[in-house]
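Presented below is the structure to which this report refers.
In what follows, chains are A, B, ... by sequence order, proteins preceding strands, each numbered from 1. Predicted, not measured: the structure shown is a model, and the values here were computed from it.
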Amino acid sequence: MKCGVVIFPGSNCDEDMVQVLEAQGGGPVERLWHKEHDLRGCDLVVLPGGFSYGDYLRSGAIARFSPILQEVAAHAERGGLVLGVCNGFQVLCEAGLLPGALLHNGGQRFICRNVHITPATKRTALTSAIARKVLTIPIAHGEGRYHIDAAGLKRLKDGDQVLFRYCDAEGNVHEEANPNGSMDHIAGVCNEGRNVFGMMPHPERAADALLGNTDGMALFTGLLKAVAV
Amino acid sequence: MATTTIDPDTAPAGVETARKLGLLPEEFERIQVILGRTPNFNELSIYSAMWSEHCSYKNSIRLLKTLPRTGPKLLAEAGQENAGLVDIGDGWACAFKIESHNHPSAIEPYQGAATGVGGINRDIFTMGARPIAQLNSLRFGDIATEARSRWHMRGVVKGIGDYGNAFGVPVLGGEVYFDPCYTTNPLVNAMSVGIVRTDRVISATSHGAGNPVFIVGSATGKDGIHGASFASKDITESSMEDLPAVQVGDPFMEKLLLEASLELAGTDAIIGMQDMGAAGITCSTSEMSAKGGTGMDIHLDRVPTRQDGMRAWEILLSESQERMLVVVKKGREAEVKAIFDKWDLNCVEIGTVTEAAPMPGASAGKGGMLRYFMHGRVVATMPAESLVLGGGAPVYERAVKEPAYFAENRRFNGAEVPEPDDLRAVAYDLLASPNIASKRWVYEQYDTMVRTNNMSTNAPSDAGLVLLRDTGRALAVTVDCNGRYVHADPRKGTMIAVCEAARNIACSGGDPCGVTNCLNFGNPYDPEVYWQFSEAIAGMGEACRALGTPVTGGNVSFYNQTVNADSTVPVFPTPTIGMVGVLNDAGKRMGLGFRSKGELIYLLGRSTDDIACSEYLVRHHGIRRSPAPYFDLEEETRLHTMLLMLIRSGVLSAAHDVSDGGLWVTLVEMGLVNGLGFDIVTDSEVRADAFLFGEGQGRAVVAVNEDQENAFLDLMRASRVPFILLGHVTKAKLVVDDQPFGTIADARKAYEEAIPAIMRRP
């Protein structure tokens, strides 16, 4: 088992992700530089949060053309596990590895806060180890409003590809609990092959008792279990 | 060159040109003496920028030198490096500094604030330190009535957010105040805190003749030219004409510079590095040379520019952001270039370090000469030392005059102020005052959690707590200043600002270890403003000496006032205090929220009848003339010591200081964290409005679990800190003297909804 974290020049959650993966027993973690063409044998590749190449054009729009992403796409094609968090999710959508797109938040403002999410499926490595109905996980994004056309949404639902939805503290899914106006309250999705995952909330920011929130740990537990096999 | 016409920028220039560039006639004469000849336009432009208030501190440095600037833990004293440097143990040092970007933000809030964030972070990482926390201290006019103030706030907050969020450093704390005095001239003070191994600190120095000098980062454009001079004059009706003096920020470039700089710090290939802020190439070349006692030859035509045909003085004075000057050890250029190549950054050799040599005919020839070339021709030359603070830059002492309002304030008699009939109504109105209400609208636009080190996200504390994972320690960081207190009594008000910062750190479990200050004042040539400044410095010195917190550096911002047709309106004197403290054991941190029903609530410190200068007095009674609130420096330091002892003994479950809005607001804030209420009784010796809403200093509220009460009482009885039992924590109800004050949900509604409702207006 080997985990790698992709580092774009504007990534800023890369070391947070490395630290958490290593603390959860997934280390030593490979740091995969954006200019490289080698995943160094990683079984799980994580695209972290940040602003890949500045993202002045559109989040993730340039990152899809980077050398490392060609390898990430091939890895995904082979069925390898890929997780994109926040900017990583945006990059995976731009690259066509995940369906849908992430638009400017409904309120047109960047939002950083703890939100509640509820898992919508158990049938993925990322969500399999989650025992609770509601998790408190922070978001921090300006472009996190998930959008997909009607046919795409139907395919997502029919295929059980919605990973998480925004909800309130009791697990109820409704408009007031949706922080960014995401379609169908979607906070994360996977591909049809169920090996590529994207989510806007940051589980790596909720995986340390010293920071007072360990709700994100179960996601890493599930992922690491899947690559350990 | 194809033509033989004389370059007007290198022809001798007169006193009239100097005046237009903002130099005084005596300063022009001084330049002539230094050079032993008449300066040219390029040289005058250089002196104008370097001797501006912003770069030279000419009207403040004499007083700043009276501040305590030494301490056992200080690794760099004020002014020595880009930022202060404090030993935090285990081979680590903390670099921190606060800086203003008031004038640019007044006319272009978004870019003004964004580049303020960029500038202060560069100060930190050019020392080799990785920024791990940011804070900011903001002042706007009355957002409830002024569309311009809402425009300022929207732009400033978005600017800070967009820059800092992309750069990837969490915001750990801050403060936002509103007062009509800031309507034209808001204050935007940004602080950055970084950590560095003590053996990897990069110095802002230059030495070793023959060593190459590189410029790295962004290309140089015409933005921000004369920014330092712009920051050194009043904001007037015509200030919008200075818009080109505002710089434009690029946080992605800054992020590349950060990572490349930290990789450089890991090598020993460089002599020194300095960021280019005010006065760009001029300031960095002169300060680094003056520090190393050497000279520099700089070829301006080699500087990458954003447009063709830039004149020498434009390149010299451009304040284009995200640039740095690096002096590299000769022979190690390839190593350095490889690092910048990795991060796709420009890295161009523009000159060399030269030997110290006195200038022929010059009177001040100490150190080295700066020679700026354009296509092989010298276009400006002067001794480096003559330009800089502590060298040839002028130093002035200004006249002081006590303002008339000061005596008027002392005539205030709180006993004549009637007590309100309906305390509950006042209490709820206070929660909705923008000065008191939740600043969530502001801070949720900042990434407060990136780098996963913010210990205050899920357990709020008075100071922001930054986990240092490698050592198990934590830093406590805060910015504080109540400008209303400082205006009322500059000396006492500034002592209060220092003490409030220390109190916040103590309530969080940290030992305060150093101060950085951002001194926002009006025009120093106004004797009443200069009186405020000198009193504030005196108060700061006294408080910092009492607390053992040396001043490690900071920034002075004068000319924060509005010149209207018929009057000049200075801002409240606002000496923002940034303070850093250390917790040797991160696990021993303290939060401010009640944790469970039944906890006992105690008030530590003296209760008085004082309502002076309170938000209550201003908002409810409309009285703006009163002295600073009750304050006693000795009681204050005793309280801090006691708080730390209680926290380290493990007898507290929460601690929160009493500040703006008084005890009532403190209790509500403690309840909001976990949605708990309180049932308290007031002190019959003290008038109820003063007890609930007075802002007398030197107080903190603590929560004690019943099983710790005896231990708590033993410690308190052995101390000289007065204390009383206020009551206990309830499930949700708020009760004062058996009167229902609603529930914590009611309080939350008032507290949370006030600012969003105002900001929905255009």
Side-chain angles (χ1 to χ4, degrees), chain A residues 7-20 22-23 33-36 48-57 59 62 86-87 105 107-115 136-143 169 179 201-216, chain B residues 130 154 157-158 160-171 250-260 341-345 440-461 465-470 472 474 586-587 589 591 675 756 759-760:
Chain A
I7 302 179
F8 297 108
S11 297
N12 58 30
C13 305
D14 44 333
E15 287 303 317
D16 304 351
M17 189 61 81
V18 169
Q19 190 268 325
V20 167
E22 291 186 347
W33 186 235
H34 67 111
K35 293 179 185 174
E36 290 173 14
F51 290 75
S52 49
Y53 293 91
D55 288 351
Y56 293 117
L57 170 63
S59 295
I62 298 175
C86 199
N87 188 228
N105 293 345
Q108 299 297 313
R109 284 204 301 270
F110 187 95
I111 308 169
C112 176
R113 74 162 83 118
N114 275 326
V115 298
T136 301
I137 310 270
I139 56 167
H141 58 246
E143 298 173 34
H202 286 268
E204 82 281 9
R205 296 184 181 189
D208 185 344
L210 272 173
L211 302 183
N213 185 357
T214 54
D215 282 13
Chain B
R130 180 177 282 282
R154 277 188 198 102
V157 171
K158 189 165 171 53
I160 291 172
D162 282 358
Y163 201 102
N165 296 344
F167 184 56
V169 180
V171 173
D250 177 355
F252 178 60
M253 181 66 80
E254 176 106 337
K255 168 86 166 107
L256 303 181
L257 274 177
L258 159 73
E259 300 298 344
D341 279 350
K342 173 183 167 187
W343 293 96
D344 298 317
L345 284 164
R440 184 182 300 275
W441 185 94
V442 173
Y443 66 75
E444 281 194 349
Q445 296 189 54
Y446 307 146
D447 194 335
T448 53
M449 307 184 208
V450 61
R451 301 197 56 74
T452 53
N453 62 13
N454 186 346
M455 299 181 76
S456 302
T457 304
N458 299 303
S461 43
L465 290 170
V466 195
L467 176 63
L468 304 175
R469 222 177 235 104
D470 292 341
R589 54 77 49 95
M759 294 310 287
R760 275 193 287 274

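- Shortest non-hydrogen contact noted between B/Tyr446 and A/Phe110 is C-CE2, 4.2 Å.
- Taking CZ of A/Arg109 as the start and CE of B/Met759 as the end, the distance is 8.0 Å to the nearest 0.5 Å.
- Proximity of B/Asp447 to A/Arg205: side-chain heavy atoms (C-beta onward) are separated by under 4.5 Å at one or more points.
- Of all the listed residues (B/Ala586, B/Ala474, B/Ala459, B/Pro251), the one sharing the greatest number of non-hydrogen pairs under 4.5 Å with chain A is B/Pro251.
- The two residues B/Asn458 and A/Leu211 have their closest heavy-atom pair at ND2-O, 2.7 Å.
- Checked by atom type and distance alone, the side chain of B/Lys255 pairs as donor or acceptor with a backbone atom of A/Ser11 at under 3.5 Å.
- In terms of heavy atoms, A/Asn12 sits closest to B/Ala166 at ND2-O, 3.2 Å.
- Remark: A/Asp208 CG to B/Asn453 CG distance equals 10.5 Å, nearest 0.5 Å.
- When every heavy atom of A/Lys35 is checked against every heavy atom of B/Asp344, the shortest pair comes out as NZ-OD1, 3.1 Å.
- Residue B/Asp162: no heavy atom, backbone or side chain, is found under 4.5 Å from chain A.
- In this structure, A/Pro9 and B/Phe252 have side chains that are in contact, with non-hydrogen atoms separated by less than 4.5 Å.
- For chain B, the nearby parts of A/Tyr53 are the backbone and the side chain; heavy atoms of each come within less than 4.5 Å.
- In terms of heavy atoms, A/Asp16 sits closest to B/Val450 at OD2-C, 3.8 Å.
- Between chain A and the options B/Thr457, B/Leu467, B/Asp250, B/Val157, heavy-atom pairs under 4.5 Å are most frequent for B/Asp250.
- For chain B, the option among A/His202, A/Glu15, A/Gln19 with the highest count of heavy-atom pairs below 4.5 Å is A/Gln19.
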Trace of the side-chain contact (heavy atoms from CB on, under 4.5 Å) decision for A/Trp33 with B/Lys342: CA-CA 10 Å; A/Trp33 186 235; B/Lys342 173 183 167 187; 3.8 Å; yes
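- Residue B/Arg440: no heavy atom, backbone or side chain, is found under 4.5 Å from chain A.
- In terms of heavy-atom proximity, A/Pro138 sits nearest to B/Met449 at CB-SD, 3.2 Å.
- Heavy-atom distances place no part of A/Thr136 under 4.5 Å from chain B, backbone and side chain included.
- From B/Thr448, atom OG1 reaches atom CG of A/Asn114 across 8.5 Å, with rounding to the nearest 0.5 Å.
- Neither the backbone nor the side chain of B/Glu259 comes within contact range of chain A; no heavy atom of the residue lies under 4.5 Å from a heavy atom of that chain.
- Rounded to the nearest 0.5 Å, atoms CZ (A/Phe51) and CG (B/Asn165) are 5.5 Å apart.
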